[in-house]
Structures are given as structure tokens and as C-alpha cells.
Amino acid sequence: MIKKIATQNLKVGMYIHDLDAAWMKHPFFSNRFALDKQATVDEVIAAGIKHVYIDTERGQDFDVAVPIDVVQQEISDTEQLLADELPGLDKQASFESELVQAKLVVYEANKAMRLVMRNARLGHKIESTAVDEVVDSISASVLRNKDALLTLARIKTVDQYTYMHSIGVCVLMTVFAQTMGYDDETIRQIATGALMHDLGKTRVSPELLSKPGPLTTDEFAEMKQHVELGAEQLAGFGWLSDVSMSVVMQHHERVDGSGYPFGLRGDGLSEVGRMSAIADVYDALISNRCYKQAWEPTYALGKLLEWSPDHFGEELAHQFVRCVGIYPVGTLVRLSSEMIAVVMEQDEAHLLRPRVRLVFNERNGRYPLLEDMDLAAADSIVIVESVSAQKVGIDPLAFI
Ligand SMILES: [Fe+2]
């Protein structure tokens, strides 16, 4: 098989099928040759070539070319880094049993938020009782097993986005706040703010909310108003706490001052404000939108970490990754055994080695009988990468 890979992933033992560069731009006699020694690999990298094509029948594959001990060292380094930060949440129920309860929680939350948004659009006053039950049932489900709701809250269609995004951010913030050790009352206030954080979008024109292309400067200015419009309406209800209001007011602020509406910087943002910015961005990235397809959770987490120094603070972003997991439940992954699997359960002590369900054999192109595997107990099999459900045509949530 011919594969295109980034030059920095080249290893001794691979066979170059094509250098993907004009012959006068590199020092090699041919575009096609074996990488038989490290010096040749270094020469390709030094030539400034960004990508090459490798022939996996004549040389090593990209997936198996990384020596297993190198992968395992990286895994233990990352786990050590994350394990030192926070204790995990205890699980009171299995993922499978909580999934049944969590479906009901999402169904009820969905109904409640549709009504809240409709009333807000009509300018009606919303009572706290309209959301109290949603906040309580989300919190109870997360305490029993956070992964069930985290998985279900990812499922949203484009037309349901506004209220399902509110529920998604509420679930993420509840998990985040519980993991960070906030007291019950503060968690409740954070979750309430998260449910209402985008209420101001009911004042933005529906055409703008569903515009598939980039916004013009004027359109973006109108979109940005949703924060203050929402806060103004919520203040009029008279029952949201300061903590809840900080979620609403600060979820688009960034620590480098590039956010809105106030361009707050550094310590000007509260911790809860920065947490809400992380949860809001992450939920948007992993959702299908009118202008983009959902990103894979692991890729989205990588991007959050990359942006964190300027946007949220690195430490807090690492803590967020710690609480949703590097490979969140429901993620599709490729194993070193050439199997495609769905992540089924996090192991708090081994975030890179969750329990997985084997769903597709890439070697023979077949779907095997479903089998679960605990990667923490499987010494020689590791996750090579997360894979796009769209690219491989497998819906991971259908196997859960
Ligand atoms: Fe927003």
C-alpha cells in the first residue's frame, strides 16, 4: 500500500515510493529508494521535504515502524504527567448500566432546554425550577459514571445545536467542576450557568446562527452581542448567582485579551470563566456545525492544549484533558494489532490504555464477533492513533 506521511515520521526500514518533490529540489539520484540507515532519513529531513509517499509492501509501515518500547515510554511519560495532577472520580455504576439512565437524563434535558429557549425567544421570564431538575439529574448521573453522559452529550444534529450545545457544556462543566473538587453548591451554580451560557443566542437572527460560511465583520459583531444580551436577560430573572453569571459572561474571554466582550486578560478572568471557555470550545469542536464536520475528540483535545497558553492557561487545559480522558469513551482508535476499536471505559490510572471493543479487522477487512479488550492488561497492544469515524465509515456509537 502507498501511504503519504509527514517526513518527521520517517524511520529506518521504510521504503520511499516518492519524495513528493521536484528532482532538482533534493540531493537524491532517484525518487524511490529504501531507508537503510539513519543518515539517509536525516538527509531527507534536511532537504526540507514536508511529505513523502512510502510503499508498505517494500518496507515498514508507518503504524508499526515506531518501535514498541518508544511508544510505551511515551505512554508512561504522559500518564505520569497527568496522573500526578488530580485524583479521578470514583465510579458508582458501570458505563453500560449508567448509559440507560443517562439516555433518560438527555431526553428530559432536551425537552426542558427547548422550552427554556422558546420562552427566552418570546421574552418570557424563566423560573429557576425550569432548569433545577436538569442540573440535579446531570450531576447525579456524572457522579455514578461520568462517561455515559459525556458520550451521549456528543450526539447532536446541526438543527439541535443551540440547546444540545448548552447540555453538552453543562455535562462537561459538571465533570470538570467535580474533578476539580468544587463543593456541591458551587458545582450546581457552575452547571446552571453552563446550561444558560448561550441564552443570548435566542436574540441573534436564526439565519446568522445557521450561516454555513464565514461571518462578515458586521455579522460577527452581531454574533458577539449574544453574551451581553443573554446576561442582561438572565439578570432580569433575578435568580442566577455570581458564579453562574461568570460562566455566561466569560465563556468567550481568553487569557491573552483576544476574547470578548471585555477583552479580559490573565487574572482578570476567573478560574470558572476559563473552565467555561475550555468546555465551550471543546463541545463546539466535537460537534457537527453548519460550516464544519465534528472533529475527533482526541484531535480536539490536542488543539485545546496547543491553544491553551494564549487562551485558557496550560495547567487548566491539562486538568480538562485529565477529566475527559485522552481517548474519551466512544472514540474510534486504531490498535498496533491493525484492529479498529471503540473506547469503552477509561482507566483512571492508565489514560492511554482504556478498555476497548474490537469492531473491525483492517488486515482482512472483516468485522469480527465483538470482543472487549483491556489494554492496561495487554502488554504488546497499544493505541496507535484515534481515527476519523467519517474516514473509515464506522459509527463508533453504534457499537456501544
Ligand atoms: Fe457563546
Side-chain angles (χ1 to χ4, degrees), residues 109-132 134-135 153 156-173 189-254 258-264 269-270 272-285 287-292:
N110 199 318
K111 253 190 350 188
M113 288 312 291
R114 269 175 200 255
L115 197 60
V116 163
M117 295 274 184
R118 197 180 71 190
N119 284 333
R121 201 167 287 120
L122 294 170
H124 294 166
K125 184 175 180 198
I126 294 160
E127 299 296 339
S128 65
T129 48
V131 293
D132 283 350
V134 176
V135 167
K156 39 179 108 66
T157 56
V158 172
D159 58 321
Q160 303 172 324
Y161 179 74
T162 302
Y163 53 88
M164 276 308 292
H165 172 63
S166 301
I167 296 166
V169 173
C170 180
V171 171
L172 288 166
M173 287 294 273
Q189 293 174 13
I190 288 172
T192 304
L195 263 187
M196 308 303 257
H197 81 284
D198 262 349
L199 198 76
K201 287 208 174 151
T202 58
R203 305 281 192 90
V204 174
S205 74
E207 294 75 32
L208 195 55
L209 290 176
S210 57
K211 185 177 172 184
L215 303 182
T216 65
T217 308
D218 286 348
E219 287 169 339
F220 189 44
E222 184 186 338
M223 183 69 95
K224 287 203 266 191
Q225 286 178 355
H226 79 274
V227 175
E228 286 174 287
L229 289 171
E232 187 185 69
Q233 193 172 14
L234 289 163
F237 300 159
W239 50 265
L240 265 92
S241 69
D242 289 349
V243 172
S244 301
M245 288 303 276
S246 69
V247 174
V248 178
M249 287 304 295
Q250 296 186 13
H251 72 275
H252 286 292
E253 298 286 358
R254 303 289 182 259
S258 64
Y260 62 86
F262 301 119
L264 300 176
L269 275 87
S270 66
V272 167
R274 289 188 292 130
M275 288 165 65
S276 65
I278 292 174
D280 180 56
V281 169
Y282 177 70
D283 190 75
L285 292 178
S287 304
N288 285 315
R289 305 292 301 275
C290 47
Y291 51 85
K292 71 152 191 70

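Interatomic distance, NZ of K125 versus CG of N119, reported as 13.0 Å (0.5 Å rounding). Note that CG of L208 is 11.0 Å distant from NE2 of H226, once rounded to the nearest 0.5 Å. Put simply, CE on M223 and CG on L215 are 5.0 Å apart, with the number rounded to the nearest 0.5 Å. Taking CG of L269 as the start and CZ of F262 as the end, the distance is 11.5 Å to the nearest 0.5 Å. The CD atom of E232 sits 12.0 Å away from the CG atom of L199 when rounded to the nearest 0.5 Å. Expressed to the nearest 0.5 Å, how far CG of L229 lies from NZ of K224 amounts to 13.5 Å.
For the pair A194 and M173, the tightest heavy-atom approach, listed with the atom from each and the gap, is CB-CG, 3.9 Å. Heavy atoms only, all atoms of each residue included: V135 and T192 are closest at CG2-OG1, 3.7 Å. The shortest non-hydrogen separation linking D283 to A153 is OD1-O, 4.3 Å. Residues L172 and Y282 approach most closely at CD1-CD2, 3.7 Å, considering heavy atoms. Closest approach of V247 to I190, counting heavy atoms only: CG2-O, 4.0 Å.
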### Task
Quick one: do Q225 and V204 satisfy side-chain contact (heavy atoms from CB on, under 4.5 Å)? Show the steps, please.
CA-CA 8 Å; Q225 286 178 355; V204 174; 5.9 Å; no

### Query
Between L264 and M249, does a side-chain contact (heavy atoms from CB on, under 4.5 Å) hold up when you go through it step by step?
CA-CA 11 Å; L264 300 176; M249 287 304 295; over 6 Å; no

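Checked against side-chain hydrogen bond (donor to acceptor under 3.5 Å, both in side chains), K211 has the following partners two or more places apart in sequence or in another chain: E219. Listed by chain and number, the residues in a side-chain hydrogen bond (donor to acceptor under 3.5 Å, both in side chains) with S287 are K156 (sequence neighbours excluded). With sequence neighbours left out, the side-chain hydrogen bond (donor to acceptor under 3.5 Å, both in side chains) criterion links N110 to R114. Every residue two or more places apart in sequence or in another chain was checked for a ring-ring contact (aromatic ring centres under 6.0 Å, His included) with Y163, and none qualifies. Judged as a side-chain contact (heavy atoms from CB on, under 4.5 Å), and not counting sequence neighbours, P206 has no contacts. For S246, there are no side-chain hydrogen bond (donor to acceptor under 3.5 Å, both in side chains) partners, not counting sequence neighbours. In this structure, S210 has no side-chain contact (heavy atoms from CB on, under 4.5 Å) partners at least two apart in sequence or on a different chain. Taking A130 as the reference, V116, I126 meet the side-chain contact (heavy atoms from CB on, under 4.5 Å) condition, with sequence neighbours excluded. By the side-chain contact (heavy atoms from CB on, under 4.5 Å) test, V248 is found to be paired with A231, L234, residues two or more places apart in sequence or in another chain being considered.
The closest side-chain heavy-atom distance from Y260 to E228 is not below 4.5 Å. Using a 4.5 Å cut-off on side-chain heavy atoms (C-beta onward), R254 and V281 make contact.
Of the possible polar contacts, one joining the S244 side chain to the Q189 backbone as a donor-acceptor pair under 3.5 Å is found. No side-chain donor-acceptor contact under 3.5 Å links Q250 to the backbone of S276. Between the side chain of Q233 and the backbone N or O of A120, at least one donor-acceptor pair lies under 3.5 Å.
Within the structure, the ring-ring contact (aromatic ring centres under 6.0 Å, His included) test picks out the following pairs touching residues 194-215 (sequence neighbours left out): H165-H197, H197-H251. Annotation: salt bridge (charged side-chain N to carboxylate O under 4.0 Å, His left out) contacts involving residues 193-209, sequence neighbours excluded, comprise D198-K201.
Surrounding CG of D242 are at most 12 heavy atoms belonging to other residues, nucleotides or ligands under 6.0 Å away.
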